[in-house]
2 protein chains.
Amino acid sequence: MAEDSARVITLVVVDDHPVVRDGLRGMFDSAPGFRVLGEASNGVEGVDLVARLDPDVVLMDLRMPGGGGVAAIAELTGRGTRSKVLVLTTYDTDSDTLPAIEAGATGYLLKDAPRDELFNAVRAAADGRTVLSPAVASRLVSRVRAPGTAGHEALSAREREVLELVAKGTSNREIAAELFISEATVKTHLTHIFAKLGAKDRAAAVATAYERGILG
Amino acid sequence: MAEDSARVITLVVVDDHPVVRDGLRGMFDSAPGFRVLGEASNGVEGVDLVARLDPDVVLMDLRMPGGGGVAAIAELTGRGTRSKVLVLTTYDTDSDTLPAIEAGATGYLLKDAPRDELFNAVRAAADGRTVLSPAVASRLVSRVRAPGTAGHEALSAREREVLELVAKGTSNREIAAELFISEATVKTHLTHIFAKLGAKDRAAAVATAYERGILG
DNA sequence: CCCGGAGTCAACCGATCGGCTGATGTCGTT
DNA sequence: AACGACATCAGCCGATCGGTTGACTCCGGG
C-alpha cells in the first residue's frame, strides 16, 4: 500500500563493530516498516553518510576509534539535520549519558535491550519522542533531582590534574613539587575533589573518577 | 556437493545482547559453510544448549548477567564437550583474557574484528587451532614473558575483597569490622596488595586495579 | 562595580596510614 | 613430613592525610 511505504522509517547505523552493524541491519531489514540505508564505522563517516542519505533515524554507538559518537551527534545537530539520533551503546557509564543527550541525542538505549524495545524506540525517535533505557532514565532523574545533594559537579582542570597524580600514588608533598604549588594548595584541591565526587578519601576519589570516566 | 555439506561448521551463539546474536546469526547463516544451530543469552542456557545441539563451535561472550562466560567455558570443558569455544567479547580487559583461556577457550576475539577474520577464526577453532586477536595475543605474550619483572600477580579473593572496600573509601578499621577480622590483618592484606599491584598507596592500588579490570 | 569561582597559601590538630618484625594456623602440593 | 601460599593477629613508629578556618589574588559575568 502506498500508505505503508510512506511510513517506512529509514535508518543509518554508525558502529565500529561489524557484528553489531550486521545485527542491526539484519534486524531492521527483516522487520516491516524499516529500511537501513547505510552503515558507518565511526563518527566522521557517520556524519557524512547522514548528510548524504538523510535517514529518519541514526543509530549511533558512542566510543568509537576515530571520531567519537558525542562529537558526531553535536556535529549533526549543529548542522540542523532533521535525522533523529538514537544512541545505542553497550555500557551506560555516567560519563557518556549526559554529554550525548546534551549534544542532541533523541534517545539512549543499551544494546542488551530486547528487539521489541529497540523497534519501539526507533519509531518513537522517528516521531521526535525521547526514549531512554529504564536504567539510563532513572540515572538522569536522580542526577537532575540531586544537584547539590549527591555532589555531581565537574572537576576543574587543576583538580583533575591533582587527581591524576593521586591515582599514581603521588603524595601531597610530591604533587606540590610537581605542580609548583604548596602542599596546602594541594590539600585544598583535594578537599574540593572529595566534596565534588562525594568521596571520603583519595582512594574513593580515584575509584569514583574511574567509574565516571574522569580517569582511565 | 556432498563433500561440502560435510564441511559445514555448526555454531551456537551465547551473548546477552540480542543485537549481537542477530548479527552473528545473520553473518554466519548468509555465509556458505556455516550454520547457526541456536542462541542463548547467558552462560547457563548456553551450556544446556551446547549439550543438546553439540555444535562444532560456540561463540561465547564473557560478562553476561546470570551465568558468567568463564564459568560456562569451564563447565563445558569439564564435561568433555567436543565443541570448541571461541570467546567473542567487546573489550579486552586483563581480567577476562587469561581466565577464559585457562578455562579452555580455543580462541579469543574482539567484536570489532572484521568479518573475514571472524570466519577464519571460526574455521580455525573448528579445527582445534588456537586463534587470538592480535591485541590479545601480544598481551598474553608480554604476560608470560614478564612474570616477576613487572609485578603482575593475581590478587587472592580476600585481597580483592579488601581492595573493593578501599575503593569505597572504607578505612582500615571499618574494613576490619566489615570482614570480621582485625585491623592488623587488613593492613597485612593491603601491604600484599601494594606489592602485587606495584602501587605506593591505596589510591594508586585502586587506580591500577581499575586499569587492569580488577575493579569496575 | 560588585560578586563568585578558581587558584593560591598558612597553621594547627587528631586520625589514619604504611612499614616493620614476628608469630600462629590452615590448606593443598610435593 | 616438609613446603609454600594464604589468612590471621600484635605492637610500634614516623609519615601522611583530611578537616578546619581564614585570607589573598585574578578574572569574568551580571
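The figures here come from the full heavy-atom set of this structure, side chains too, leaving out hydrogens, waters and symmetry mates. Numbered from 1 within each chain, the chains take letters A, B, ... in sequence-line order.
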_B/Val14 versus B/Gly46, closest heavy-atom pair with distance_ = CG2-CA, 3.8 Å

_Among D/dA7, C/dC17, C/dG7, which nucleotide has an atom closest to any side-chain atom of B/Ser171?_
C/dC17

Anything under 3.5 Å between a protein N or O and an N or O of nucleotides 19-22 of chain D, put it in a table, one pair a line.
residue	atom	partner	partner atom	Å
D/dG19	O6	A/Lys187	NZ	2.8

_Shortest non-hydrogen contact between B/Arg202 and A/Asp201, atoms and distance_ = NH1-OD2, 4.4 Å

_Residues forming a salt bridge (charged side-chain N to carboxylate O under 4.0 Å, His left out) with A/Arg21, sequence neighbours excluded_ = A/Glu39

*asked:* Rounded to whole Å, please give me the gap between CG in A/Asp201 and P in C/dC17.
replied: 8 Å

*asked:* Less than 4.0 angstrom between a side-chain N/O of B/His192 and OP1 or OP2 of D/dC6, yes or no?
replied: no

*What pairs meet the salt bridge (charged side-chain N to carboxylate O under 4.0 Å, His left out) rule with one or both residues in residues 162-173 of chain A, with sequence neighbours excluded?*
A/Arg173-A/Glu183

_Just to be sure I understand the geometry, which residues of residues 172-185 of chain B put a non-hydrogen atom under 4.0 Å away from DNA chain C?_
B/Asn172, B/Arg173

Side chains of residues 184-195 of chain A: which donor-acceptor partners sit under 3.5 Å, not counting sequence neighbours?
residue	atom	partner	partner atom	Å
A/Thr185	OG1	A/Ser182	OG	3.3
A/Thr188	OG1	A/Ala184	O	3.0
A/Thr191	OG1	A/Lys187	O	2.9

*Which atom pair, heavy atoms only, marks the closest approach of B/Leu215 to B/Ala167?*
CD1-CB, 3.8 Å

*Look at the aromatic rings of A/Tyr210 and B/Tyr210 and report parallel, tilted or perpendicular, splitting at 30° and 60°.*
parallel

*Return the angle between end axes of the helix from C/dC1-D/dG30 to C/dT30-D/dA1, with five pairs used per end and rounding to 10°.*
50°

*Check the distance between C/dA6's C1' and A/Leu163's CG and give it to me in whole angstrom.*
17 Å

*Go through the steps to decide whether B/Ser41 and B/Asp16 satisfy the test side chain to side chain donor-acceptor pair (under 3.5 Å), and finish with yes or no.*
CA-CA 4 Å; B/Ser41 64; B/Asp16 59 324; over 6 Å; no

_Which atom of A/Pro55 lies closest to which atom of A/Val12, heavy atoms considered_ = CG-CG2, 3.5 Å

_Minimum-distance nucleotide to A/Arg202 side chain [options: C/dT8, D/dG18, D/dT8]_ = D/dG18

*Run the salt-bridge test on B/Asp54 and B/Arg82 with the 4.0 Å N-O cut-off and return the result as yes or no.*
yes

*Give the rounded distance in Å between these two atoms: CD1 of A/Ile193 and P of C/dA6.*
12 Å

*asked:* Quick one, B/Leu163 with B/Arg160, criterion side chain to side chain contact (heavy atoms under 4.5 Å, CB included). Give me CA distance, side-chain angles, the key distance, then yes/no.
replied: CA-CA 5 Å; B/Leu163 188 53; B/Arg160 238 175 293 124; 5.5 Å; no

